[in-house]
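Only one structure is covered here, and it is reproduced in the block below.
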Amino acid sequence: MKLQKISNLALYIASGLTVLMLLLFFLLPWEQEGDKSVPVFTSPFLIFQYLMVFATAGLVIWSVVRSAQNSAGADEKKTTGIPGKKIIIFTSILTIISLVVGAVLGIGEEDFTTTSGVFTPGYMVTLVDAFIWSIYILAAASAIAVVVAATGVLTKSATK
């Protein structure tokens with residue numbers, strides 16, 4: 001089976017499982033825990049999300065290793081028209097900038113204590129803010145990249 005077909009199959013399976021998990025999460029009844037209501041499917045949904053994160057991290061590592069092995073000594077821009085090195089550098093810099101922006105926006109967060117008494121120090125709240133802002137920035141960049149890729153602007157300019 002070609003790598004493209006495996007990739008498409010993995011995408012369809014992951015998307016289908018995610019939709020199924022979301023439907024179960026939102027459509028199953030809620031249960032009462034003390035003074036609050038929570039969805040019955042919360043724990044399995046969180047476990048699924050952790051599994052997806054670990055699977056994604058593993059696939060990213062595998063992809064980087066495989067790409068490095070396949071393109072050792074080759075100039076990707078000449079063979080595919082895609083400037084792979086520039087994309088990797090841009091993505092890395094954007095990730096670092098998004099984390100720095102998130103950390104700067106979260107500076108000065110106060111300690112947080114929930115109503116049940118769980119204490120979170122301010123530096124952890126700042127760290128969470130950094131990751132949340134990073135997710136927003138990278139999601140916006142991904143959406144822009146998808147639109148640009150769908151238009152074919154980069155492919156057309158590379159084939160001239």
So which heavy atom on [X] is nearest to which on [Y], and how close?
X	Y	answer
L138	S98	CG-OG, 4.0 Å
T113	F119	OG1-CD1, 3.5 Å
A14	M52	CB-CE, 3.7 Å

In terms of hydrophobic clustering (I, L, V, M, F, W, Y; side-chain heavy atoms under 4.5 Å; direct or indirect links), are [X] and [Y] co-clustered?
X	Y	value
L94	V100	no
V19	L27	yes
L99	Y123	yes
L20	I13	yes
V125	L105	no

Please answer whether the main-chain N or O of [Y] pairs with a side-chain N or O of [X] as donor and acceptor at a distance below 3.5 Å.
X	Y	result
T42	P39	yes
D129	G102	no
T126	G122	yes

Could you tell me the separation between the [atom1] atom of [X] and the [atom2] atom of [Y], rounded to the nearest 0.5 Å?
X	Y	atom1	atom2	value
W133	I137	CH2	CD1	7.0 Å
L24	F41	CG	CZ	4.5 Å
L22	L17	CG	CG	11.0 Å
L46	L51	CG	CG	11.0 Å
F131	S134	CZ	OG	7.5 Å
I93	I97	CD1	CD1	6.5 Å

Considering residues, nucleotides and ligands other than E31, do more than 12 of their heavy atoms fall under 6.0 Å from its CD?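 Enclosed.
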So with a 6.0 Å cut-off around OH of Y50, is the heavy-atom count from everything else above 12?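 At most 12 heavy atoms, drawn from other residues, nucleotides or ligands, come within 6.0 Å of this atom.
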Quick one, [X] and [Y] - any side-chain contact, counting heavy atoms below 4.5 Å?
X	Y	result
Y136	I132	yes
F48	T18	yes
F90	S92	no

When the ring centroid of F45 is compared with that of F25, is the distance short of 6.0 Å?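 Centroid distance F45-F25: below 6.0 Å, so yes.
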